[in-house]
Student: 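Have a look at this one.
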2 protein chains.
Amino acid sequence: MLIEIKHNPSNLESMEIINEALSKRAFLILVLCCKVNYEGRARSKLGLGERTVLIKGDGSFIIHQDRNLEPINWQPPKTKLSVKLENDVIKIVGMRRKPKEQLELIISTVHLISYYFGSDTKDIELAGYEEDMRHMIMNNPDLIEKGFRPTSKEYQTPQGFIDIYGKDANGKIVIIELKSRKAGINAVKQLKRYINCFLDNKEFVRGILVAPSITDDARELLENNKMEYISLDPPKELKTKTTTTLDYFN
Amino acid sequence: MLIEIKHNPSNLESMEIINEALSKRAFLILVLCCKVNYEGRARSKLGLGERTVLIKGDGSFIIHQDRNLEPINWQPPKTKLSVKLENDVIKIVGMRRKPKEQLELIISTVHLISYYFGSDTKDIELAGYEEDMRHMIMNNPDLIEKGFRPTSKEYQTPQGFIDIYGKDANGKIVIIELKSRKAGINAVKQLKRYINCFLDNKEFVRGILVAPSITDDARELLENNKMEYISLDPPKELKTKTTTTLDYFN
DNA sequence: CTGTGGATCTCGTCG
DNA sequence: CGACGAGGTCCACAG
Ligand SMILES: [Mg+2]
Ligand SMILES: [Mg+2]
């Protein structure tokens, strides 16, 4: 893999390396002392401090402090980047149209600069999502209860799409709201709104909240509204086996 | 600033440097070829590729591909990290209890390893949020309309807290829903639900959605329900002035 | 510690 | 391109 690394470059050297990396759309890594200004959807100002900056070939611009998972400032992919040197201060500016916003990095000192061209073609495999729960239930409706028959197609109300719509063994309409994480009161409210769309039907419509767990408040609200809860974990099976070695087949 | 950098270390060297960085809670940066497995709230598997990894002193564990703003895999702060070398393969594991989850990084080759101890004490100043809008309106209620008088305290309905509650010049109840970004149909639905809490009052309750802009569907839904829209941008004034130089006072 | 809701949310999907 | 909704959301705040 092609990688360039420089320790404690001068600001002039840094500017040239940054220009090189930006023009070649490399993955650029900087450790530096900087101030940061953001203006656009919101506005922010960050005083001097040492930070790690990532700039990706797709225009992602990411500034990390030494704490927290999330970057302190950022710009999404497709940001237009430019760099200039003025009075021995480096400025990297990331601009976006729509929304109009810009992130300005004012650099006093660069401790580390590196850029590389890597190969990363593999896509991630994921499981454990709401959509996985839906597939599991459609393939095995008895997970809800014996005799439950979901309709094969999505059902739309004025309030939006119902996760799963079907009928129980007695022919009663059943509306299912799925949550792949612990369900709170908002999940119950959403289910209630779907049921309200059927009020003029006269016949009782069952509402079932399906989630791995539920908060106490949500459960109370659910029962007060004569709705039901079924505990179900989202399936987490991947299509391929997970390995912890570096075999050729992975 | 103290920083260590090594280009193309052996896996044994890498393991020792990673151990050093982890034990000292440094900010660790790696560019490497790896596979990644995650298991916990969900499950994921990522095949071999070159990635950039950040591990912060607070336990944040971040894996970036060469595209997208967001990391492909991660663990939040307070993750417990460990490293080992087996058959010349480095494994870094990040574990969390509650939720129980683990992220496993299986490394074949390290291209760059660096760790540092930086100084970053400044907090960010932010503006342009819903809370800023609320303050602005409370301090200048005429922004809504002449004669509007908000109550000083928050008002809670069974549906949750109302952003701003007050009365207009005619003494009619006014409920305001704030959005700091473009408002969609969900903002309108939320406002409608608050108003429904006052239905037994008999008297008409005004609902006003305040946002910088609104989608067409949301506007239609709003008007069909006899509610109003006021266009208002969140204020973006910072307490201190933004500078684009490196003056001592910043 | 849990629950709730905002966010420069991001990102995929669908129209 | 805009609207909409899920998310391993993260994160701050309140109870
Ligand atoms: Mg749903
Ligand atoms: Mg609100």
Side-chain angles (χ1 to χ4, degrees), chain A residues 36-44 60-63 67-79 94 96-103 124 126-134 154 160-161 163 178-187 189-190 212-219 234 236, chain B residues 38-44 60-63 67-77 79 94 96 98-103 124 126-134 154 156 159-161 163 178-187 189-190 212-219 234 236:
Chain A
V36 190
N37 296 316
Y38 164 74
E39 181 163 353
R41 287 172 284 177
R43 183 178 294 184
S44 77
S60 301
F61 186 8
I62 305 168
I63 303 172
R67 51 194 181 274
N68 293 333
L69 179 63
E70 300 280 302
I72 186 67
N73 280 112
W74 71 93
Q75 289 283 67
K78 294 172 191 164
T79 294
R96 290 215 303 161
R97 316 284 175 103
K98 225 161 177 32
K100 182 158 174 40
E101 57 185 352
Q102 89 167 39
L103 182 58
I124 196 168
L126 293 163
Y129 291 74
E130 184 179 306
E131 186 60 13
D132 301 311
M133 288 178 87
R134 206 177 64 80
E154 304 213 331
F161 282 96
D163 290 338
L178 300 176
K179 289 292 161 201
S180 62
R181 318 289 161 218
K182 187 177 233 186
I185 51 176
N186 281 341
K189 289 182 193 171
Q190 190 167 24
S213 58
I214 184 170
T215 68
D216 290 346
D217 286 357
R219 181 147 223 167
K236 292 175 186 167
Chain B
Y38 163 74
E39 181 163 354
R41 286 173 284 177
R43 183 178 295 186
S44 77
S60 301
F61 185 8
I62 305 167
I63 303 172
R67 51 194 180 274
N68 291 336
L69 179 62
E70 299 280 302
I72 186 69
N73 280 113
W74 71 91
Q75 290 282 65
T79 293
R96 291 215 303 162
K98 222 160 179 37
K100 181 156 175 41
E101 58 185 352
Q102 91 166 37
L103 182 58
I124 195 168
L126 291 163
Y129 291 73
E130 183 179 308
E131 186 61 13
D132 301 311
M133 288 177 87
R134 207 176 64 80
E154 303 213 333
Q156 187 174 18
Q159 292 291 330
F161 282 97
D163 290 337
L178 300 176
K179 288 293 160 200
S180 62
R181 318 290 162 220
K182 186 177 236 189
I185 51 176
N186 280 342
K189 289 182 192 172
Q190 189 167 23
S213 58
I214 184 170
T215 66
D216 290 345
D217 286 356
R219 181 148 224 166
K236 293 173 186 169

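A, B, ... follow the sequence lines: proteins, then strands. Residue 1 opens every chain.
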Student: Over all strands shown, is A:P77 touching base, sugar-phosphate only, or nothing at heavy-atom distances under 4.0 angstrom?
Tutor: sugar-phosphate
Student: Base, sugar-phosphate or nothing for B:P234? Non-hydrogen atoms, less than 4.0 Å.
Tutor: nothing
Student: If only side-chain N and O atoms of A:W74 are considered, is one of them under 4.0 Å from the OP1 or OP2 phosphate oxygen of C:dT10?
Tutor: yes
Student: Quick one: label A:G40 by what it contacts on the DNA or RNA (base, sugar-phosphate, nothing), any heavy atom closer than 4.0 Å.
Tutor: nothing
Student: Looking at the side chain of A:P76, which of C:dG6, D:dC10, C:dT10 is the nearest nucleotide?
Tutor: C:dT10
Student: Looking for any heavy atom pair under 4.0 Å, which part of the strands does A:L126 touch: base, sugar-phosphate only, or nothing?
Tutor: nothing
Student: Is B:Y38 touching bases, backbone alone, or none of the nucleic acid, heavy atoms closer than 4.0 Å?
Tutor: base
Student: Taking the side chain of B:D217 as its heavy atoms from C-beta onward, which of D:dC4, D:dT9, C:dG3 lies nearest to it?
Tutor: D:dC4
Student: Which part of the nucleic acid, if any, lies within contact of B:R43, taking any heavy atom under 4.0 Å across all strands shown: a base, the sugar-phosphate backbone alone, or nothing?
Tutor: nothing
Student: Which part of the nucleic acid, if any, lies within contact of B:S180, taking any heavy atom under 4.0 Å across all strands shown: a base, the sugar-phosphate backbone alone, or nothing?
Tutor: sugar-phosphate
Student: Report the residue (B:A183 or A:E130) whose heavy-atom-nearest nucleotide on DNA chain D is the more 5′ of the two.
Tutor: B:A183
Student: Does C:dA7 have its OP1 or OP2 closer than 4.0 Å to a side-chain nitrogen or oxygen of A:R41?
Tutor: no
Student: Please determine if a side-chain N or O atom of A:K98 lies less than 4.0 Å away from the OP1 or OP2 oxygen of D:dC1.
Tutor: no
Student: Give B:E70 one of three labels, base, sugar-phosphate or nothing, depending on what nucleic acid heavy atoms sit under 4.0 Å from its own.
Tutor: sugar-phosphate
Student: So what does A:Q75 hit on the nucleic acid, given a heavy-atom distance under 4.0 Å: a base, only sugar-phosphate, or nothing?
Tutor: base
Student: Does a nitrogen or oxygen in the side chain of B:T215 sit under 4.0 Å from OP1 or OP2 of D:dC4?
Tutor: yes
Student: For A:N73, report the nucleic acid contact type (base, sugar-phosphate, nothing); a contact means any heavy atom under 4.0 Å.
Tutor: base
Student: Reckon B:E101 touches a base, only the sugar-phosphate, or nothing at all at heavy-atom distances under 4.0 Å?
Tutor: base
